[in-house]
Structure formats: structure tokens, C-alpha cells
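Below is one structure, written out as C-alpha cells, with a few remarks after it.
Numbered from 1 within each chain, the chains take letters A, B, ... in sequence-line order. These numbers come from the heavy atoms of this one structure, side chains and all, not from hydrogens, waters or symmetry mates.
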Amino acid sequence: MPIHPIIKHTWPGNYKDAVLLQERLRKRLVLHNETGDVRLVAGADVSYSRGSDTYYAGVVLLSYPSMELVEEAWASGKAVFPYIPGLLSFREGPVTLAALAKLKNKPDVLLFDGQGVAHPRGFGLASHMGVLTGIPSLGCAKSVLVGEYDEPGSTRGSDTPLVYKGEVVGRALRTRDGVKPVFISAGHMLDLETAAGIVLECSKGFRLPEPTRRAHLLVNRVRKMEEGKGHTPGGTPSPPTPSPARRGGLRKAGSLMSIYDALYAHYGPQHWWPGETPFEVMVGAILTQNTNWGNVEKAIANLKTAGALSAEAIHTMPDAELAELIRPSGYFNIKARRLKAFISYFMERYGGDVGRMKMAGCAALREEVLAVNGVGPETADSILLYALGCPTFVVDAYTKRIFSRHGFFPETADYHDVRKFFMDRLPVDVRLYNEYHALIVKLAKDRCLKKAGMCGLCLLTGKQIS
DNA sequence: GCGACAG
DNA sequence: ATCTTGTCGC
Ligand SMILES: [Mg+2]
């Protein structure tokens with residue numbers, strides 16, 4: 001076995017013993033460069049299950065610097081140690097070592113998704129794994145655990161020191177132009193300069209270097225495969241087959257209405273975007289991209305508190321300041337740009353006046369709004385329907401999931417095809433479209449989750465034909 | 001004491 | 001780490 005632990009220890013089960021072990025093992029750290037010819041690099045990452053304590057580690061072995069796949073390995077186990085910042089290696093270490101042990105070839109360097117010596121006791125995951133395996137190692141973390149740094153320049157390769165208690169313990173390194181840096185620290189048997197050089201060399205068009213990035217992809221793939229095994233032999237849970245009566249036949253126009261009626265009878269009115277101003281609704285439509293409404297409310301509350309919930313205020317606010325306010329909605333840097341792009345359009349074309357905007361007419365508005373950078377079809381339709389009162393049907397992932405599971409169209413169906421599907425079959429009615437979309441969202445979150453499992457409780461059963 | 005805090 | 005939702009540009 002090419003990777004065998006050169007040091008073995010039992011894994012402590014509590015905080016105090018874990019810290020003591022770190023302090024003991026740390027004395028074995030070698031922090032000068034002992035890498036020679038680097039030809040093979042390995043990356044490791046761990047993936048957890050939500051509902052169980054089973055976790056998986058994936059390892060990929062790649063040629064250096066060409067980054068061609070040489071070997072993959074993975075292992076699973078039971079997580080016994082909780083996640084405690086500073087003690088990550090006690091949670092992820094055991095499975096990671098098991099996966100590493102399955103490699104047939106010995107890597108020259110190991111890359112980990114976490115810190116090396118940039119750690120409260122100078123002994124993060126990468127250092128720990130390096131010492132146990134006796135292989136040079138480095139940490140490439142997505143965020144900082146300890147220390148301070150200045151923002152590096154915006155181009156790939158720019159870096160700044162990460163300083164902790166007056167010492168340079170790592171480096172913020174930009175691996176892609178204009179993308180958040182990663183945080184490099186030496187693990188074991190190499191120095192910071194060497195570590196940063198390897199990470200940059202391994203980074204090919206993504207923020208994360210190939211070894212950790214591909215280990216992450218591998219281990220998530222493995223976990224999902226393994227989790228799917230027990231339930232459906234095929235892997236992914238299969239949606240219910242359309243009933244024989246409907247399969248291949250024409251669907252009655254009334255079926256969408258009967259589904260609406262069933263949802264409305266069950267859930268009642270959803271009161272979506274009732275009291276707020278149209279402007280607030282438009283802001284919300286952009287902020288809610290890829291996030292839940294609760295976080296959007298926090299962001300909007302921040303804007304209100306800052307007196308910034310107006311086109312004027314947002315228009316003149318620096319991007320960074322706006323991003324800070326809308327932080328809770330996620331993707332805040334991108335959304336700050338999108339919000340400003342939309343508001344520039346709104347100010348320049350309509351002077352920030354919703355009434356004037358409405359006069360342009362729904363069809364023209366849809367095209368205009370779609371032309372704004374950051375406004376795609378769903379956001380456009382949300383703005384039109386919920387802020388401007390236009391009769392347009394909003395399609396989202398939930399709509400596709402629910403109706404594709406009943407065979408109305410494939411889940412991969414194009415946005416506009418699905419929109420047309422609904423609009424061709426429903427009366428043109430703003431209030432109906434408004435409520436229907438809200439009910440779809442409600443149903444999806446309640447009992448039509450991505451991971452199928454509550455199909456027995458489906459409210460659409462038997463409702464396909466009116 | 002309080003907040004920050006890899007994955 | 002998990003769960004989950006859009007848009008854009010390369
Ligand atoms: Mg990880």
C-alpha cells in the first residue's frame with residue numbers, strides 16, 4: 001500500500017484531547033520545502049449526508065502539471081466528531097485517510113479543502129494529514145479560519161499575505177480574474193511559496209485547483225449514488241408514471257384549472273406581494289434569484305433601515321455598500337450589479353416612475369426588461385406579473401418539477417415552452433396567474449421536494465383530468 | 001464576556 | 001457541510 005500512515009494514533013472523542021493531540025503532533029511539522037520533482041498530486045474532500053451520520057471521502061490523483069486523471073478512490077464511514085472550527089481534521093480526517101489508503105500510486109503532494117498552518121494552533125487539516133501520511137501537503141481553503149489579509153489585486157496570480165499574531169501563516173491567492181481568492185497555507189514538508197505555486201499551477205479556469213475541485217465532484221457523485229441505492233434500483237428516485245388513461249392522449253384544458261382548484265382548496269390564498277410598493281416588488285424579484293424569500297426580506301429590511309429603498313438611493317450608492325446591505329439574499333456582489341443595472345434602466349427610461357412604465361404595455365415591457373443584464377425570463381415575468389400587473393405566467397424550477405413528475409412535459413423543458421403551455425390552457429387572468437404560481441411554490445416546498453418521497457401525499461393525483 | 005469561527 | 005432557487009459569460 002503506497003500510502004500508509006507513518007504515524008498512527010487513536011482518534012480523540014472530545015475537544016480537550018483533540019487540542020492536546022494537535023499540540024503534540026505539531027512538533028513533528030516540517031515547514032521547509034521537501035518536495036522534489038512533483039509529478040503526481042492528490043486532492044481530497046468530504047461529503048456528508050443530511051439525514052444520517054454517514055460521510056464519504058473522495059480522492060483524485062492527477063498528473064502534474066497537466067492535471068490528467070490518474071486514479072480515483074473513495075471511502076465512507078460514520079462521522080463521530082462534530083464540526084468544531086479548529087478541529088475539522090477530527091471530523092474529516094479518519095475517512096480521508098481511508099480513501100487515501102486506497103490509492104495505488106503515491107502522490108508527491110496532497111491538497112486539502114481546508115487550512116494547513118493557518119490555524120489557531122498551527123495544525124489544520126492539511127498539516128494533520130501531512131504528518132500522518134508523511135507526504136508533503138498544503139491547505140487550500142475557501143474561507144479564512146484565522147488571520148487578516150488585504151484584498152489581493154483582481155487578476156489571476158495576485159496574492160497578499162495572511163497574517164495571524166504578527167506572522168505570515170498563509171496567502172490569499174486569486175486563481176481567477178475577478179473571482180474571490182482562495183487561502184493557501186503550507187501543511188507539511190513544503191513552504192508557502194511552493195504551496196502557492198502548486199495551487200496556481202493546478203488552477204485551470206475555476207476558483208478551486210483541480211485536485212480539490214475534482215475530489216469534491218467525485219465525492220458528491222459517490223454519495224448520491226450510494227444514497228440512491230437502497231430505494232430505487234436505478235439510482236435517482238423515479239416520479240410516478242402517468243396513468244394509462246392520460247398517457248399519449250390529449251389532456252383536457254380543464255386539468256390545469258382543476259389542479260389550481262385543488263391547490264387553492266388545500267392551501268388557501270398565499271397573499272404574495274400584496275402590500276408592498278411595485279418598486280419593492282421589483283427589487284424583491286431580482287434579490288430572490290436563487291434564494292428563499294426570508295433572506296430577501298432581511299435584505300429589503302436592511303435597505304429600508306438605511307433609507308435606501310428607492311431607485312434614487314440605489315442608483316447613486318456605491319456597489320460595495322449596496323452589496324453589504326443586500327448580503328442576506330446571497331450572491332450579493334452579483335445582485336448589487338444586477339439591481340443597479342435594472343434601476344439604471346428604470347430611471348433612464350421611465351424616470352423611476354412605475355406609472356409611466358406601465359404605459360409602455362406588457363409585451364414591450366417584457367422585451368425591455370429581459371434586455372437588462374441580470375434579468376432572465378423568470379425575473380422578468382415576476383416583475384411583470386407581481387409589480388406591473390401584466391398577465392404573464394411565471395415559471396420556475398418548482399413548476400417544472402411538479403408538472404414534469406406528472407408527465408405534462410419533461411423537467412428539462414424550455415422556459416418559454418412551459419410558460420406557453422400554461423398560458424395556452426389558462427384564462428388570461430392576472431389574479432389567477434399570481435395565485436397559481438404562489439400555490440405551486442407552496443406545494444413544491446410542502447410535499448414535492450427535489451428528492452421525491454411524498455408522492456403518496458400528492459395533491460394532483462387524479463386531478464389531471466377534469 | 002462576546003464575537004468569530006476551515007468544513 | 002446540507003438544502004434550495006436564477007442568470008450570464010466563456
Ligand atoms: Mg470540503
What does [X] touch in the nucleic acid at a heavy-atom separation under 4.0 angstrom: a base, only the sugar-phosphate, or nothing?
{"X": "A:Y55", "answer": "nothing"}
{"X": "A:P377", "answer": "sugar-phosphate"}
{"X": "A:L287", "answer": "nothing"}
{"X": "A:D113", "answer": "sugar-phosphate"}
{"X": "A:V372", "answer": "sugar-phosphate"}
{"X": "A:H216", "answer": "sugar-phosphate"}
{"X": "A:R176", "answer": "nothing"}
{"X": "A:V146", "answer": "nothing"}
{"X": "A:E378", "answer": "sugar-phosphate"}
{"X": "A:G86", "answer": "base"}
{"X": "A:G124", "answer": "base"}
{"X": "A:D381", "answer": "nothing"}

Return the value, rounded to whole Å, for the distance between atom [atom1] of [X] and atom [atom2] of [N].
{"X": "A:F112", "N": "B:dA6", "atom1": "CZ", "atom2": "C1'", "answer": "14 Å"}
{"X": "A:Y415", "N": "C:dC8", "atom1": "OH", "atom2": "C1'", "answer": "17 Å"}
{"X": "A:I84", "N": "C:dA1", "atom1": "CD1", "atom2": "C1'", "answer": "14 Å"}
{"X": "A:E148", "N": "B:dA6", "atom1": "CD", "atom2": "P", "answer": "15 Å"}
{"X": "A:R207", "N": "C:dC10", "atom1": "CZ", "atom2": "C1'", "answer": "19 Å"}
{"X": "A:R121", "N": "B:dC5", "atom1": "CZ", "atom2": "P", "answer": "16 Å"}
{"X": "A:I334", "N": "C:dG9", "atom1": "CD1", "atom2": "P", "answer": "11 Å"}
{"X": "A:L208", "N": "B:dA6", "atom1": "CG", "atom2": "C1'", "answer": "13 Å"}

Next on the checklist: Check whether A:N302 reaches the backbone of A:L325 with its side chain - one donor and one acceptor, N or O, closer than 3.5 Å.
Outcome noted: yes
Between [N] and [X], is there an OP1 or OP2 to side-chain N/O distance shorter than 4.0 Å?
{"X": "A:S143", "N": "B:dG7", "answer": "yes"}
{"X": "A:K142", "N": "C:dA1", "answer": "yes"}
{"X": "A:K445", "N": "C:dT4", "answer": "no"}
{"X": "A:N292", "N": "C:dC3", "answer": "no"}
{"X": "A:Y83", "N": "B:dA6", "answer": "yes"}
{"X": "A:R50", "N": "C:dT4", "answer": "no"}
{"X": "A:N295", "N": "C:dT4", "answer": "no"}
{"X": "A:R91", "N": "B:dA6", "answer": "no"}
{"X": "A:T291", "N": "C:dT4", "answer": "no"}
{"X": "A:S49", "N": "C:dT2", "answer": "no"}

Next on the checklist: So A:V354 and A:F346, do their side chains get closer than 4.5 Å, heavy atoms only?
Outcome noted: yes
Among [options], the nucleotide that comes nearest once only the side chain of [X] is considered:
{"X": "A:R401", "options": "C:dA1, C:dT5, C:dT4", "result": "C:dT5"}
{"X": "A:N373", "options": "C:dT5, C:dC8, B:dG7", "result": "C:dC8"}
{"X": "A:R338", "options": "B:dC5, C:dT7, C:dC3", "result": "C:dT7"}
{"X": "A:Y398", "options": "C:dT4, B:dG7, C:dT7", "result": "C:dT4"}
{"X": "A:L449", "options": "B:dC5, C:dT4, C:dC3", "result": "C:dT4"}
{"X": "A:K450", "options": "C:dT5, B:dA6, C:dT2", "result": "C:dT5"}
{"X": "A:T379", "options": "B:dC5, C:dT7, C:dC8", "result": "C:dT7"}

Side-chain donor-acceptor pairs of residues 77-94 of chain A under 3.5 Å, sequence neighbours excluded:
unit_1: A:K78; atom_1: NZ; unit_2: A:T54; atom_2: OG1; d: 2.9
unit_1: A:S89; atom_1: OG; unit_2: A:H128; atom_2: ND1; d: 2.8
unit_1: A:R91; atom_1: NE; unit_2: A:Y48; atom_2: OH; d: 3.3
unit_1: A:R91; atom_1: NH1; unit_2: A:F81; atom_2: O; d: 2.8
unit_1: A:E92; atom_1: OE2; unit_2: A:Y48; atom_2: OH; d: 2.7

Checklist entry - Is A:R419 close enough and on-axis enough to A:F393, meaning under 6.0 Å and within 45°, for cation-pi? => result no
Checklist entry - Would you say the side-chain atoms of A:N220 and A:S47 include a donor-acceptor pair closer than 3.5 Å? => result yes
Item to check | Spatial distance of atom CZ (A:R171) from atom CG (A:L200) [nearest 0.5 Å] | outcome: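 Reported value, rounded in 0.5 Å steps: 10.0 Å.
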Next on the checklist: Counting the benzene-type ring for Trp, do A:F403 and A:F422 have ring centres under 6.0 Å apart?
Outcome noted: yes
Next on the checklist: Centroid distance below 5.5 Å plus an interplanar angle below 30 degrees: do A:F183 and B:dA6 meet both conditions?
Outcome noted: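 No; centroid distance or tilt outside limits.
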Item to check | Short N-O contact, A:D381 and A:R366, less than 4.0 angstrom | outcome: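 So A:D381 pairs with A:R366 through a salt bridge.
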